[in-house]
Visitor: 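Here it is: the structure, laid out below.
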Amino acid sequence: IQEKIRRIQNLVFKEAYVSFNKILTDAKDKTEIIVTFLAVLELMKQREIIVRQDKIFEDIILERIENKF
């Protein structure tokens, strides 16, 4: 999970926001998808990112919290 957290932090640091689907493009199996989801939850808990979805069934966006990076 720590490795996924660092990867997500790096992506969000570079781009300010990133799509959840983009993070999942490298997932090889269900376990990796679950680990990625847990990493996102941990980053939300630590208040490093916010997650939003503008409309139902639209892409989920992970966005950095400005004062964290």
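For the single chain, residues carry numbers from 1 onward in sequence order.
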Visitor: Considering residues at least two apart in sequence or located in another chain, which fulfil the side chain to side chain contact (heavy atoms under 4.5 Å, CB included) criterion with Tyr17?
Guide: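 Tyr17 satisfies side chain to side chain contact (heavy atoms under 4.5 Å, CB included) with Ile61, Glu63 once adjacent residues are dropped.
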Visitor: Tell me, with the steps shown, if Met44 and Ile49 meet side chain to side chain contact (heavy atoms under 4.5 Å, CB included).
Guide: CA-CA 5 Å; Met44 289 172 59; Ile49 64 170; 4.0 Å; yes
Visitor: Counting only heavy atoms not in Glu58, do more than 12 fall under 6.0 Å of its CD?
Guide: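 It does: Glu58 CD has more than 12 such atoms within range.
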Visitor: Can you find a pair of side-chain heavy atoms, one from Ile23 and one from Arg7, that are under 4.5 Å apart?
Guide: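 Of all side-chain heavy-atom pairs linking Arg7 with Ile23, at least one is under 4.5 Å.
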Visitor: Between atom CD1 of Ile65 and atom CD of Gln46, what is the distance when rounded to the nearest 0.5 Å?
Guide: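 Reported to 0.5 Å precision, the distance equals 10.5 Å.
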Visitor: Say you draw a straight line from NZ of Lys4 to CD1 of Ile1; how long is it, rounded to the nearest 0.5 Å?
Guide: 11.0 Å
Visitor: Using salt bridge (charged side-chain N to carboxylate O under 4.0 Å, His left out) as the criterion, list what pairs up with Glu15, not counting sequence neighbours.
Guide: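 Here the qualifying residues are Lys22.
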Visitor: Closest heavy-atom contact between Phe20 and Asp59?
Guide: N-OD1, 4.3 Å
Visitor: Between CG of Leu62 and CZ of Arg52, what distance do you get to the nearest 0.5 Å?
Guide: 9.5 Å
Visitor: How long is the straight-line distance from NZ of Lys28 back to CD1 of Ile33, given to the nearest 0.5 Å?
Guide: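 It is 11.5 Å, given to the nearest 0.5 Å.
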Visitor: Please enumerate all residues that pass side chain to side chain contact (heavy atoms under 4.5 Å, CB included) together with Gln2, with sequence neighbours excluded.
Guide: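 If we apply the side chain to side chain contact (heavy atoms under 4.5 Å, CB included) test to Gln2, skipping adjacent residues, the hits are Ile5, Arg6.
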Visitor: Hey, are the side chains of Glu42 and Glu48 touching, using non-hydrogen atoms and a 4.5 Å cut-off?
Guide: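 No; the side chains remain at least 4.5 Å from each other.
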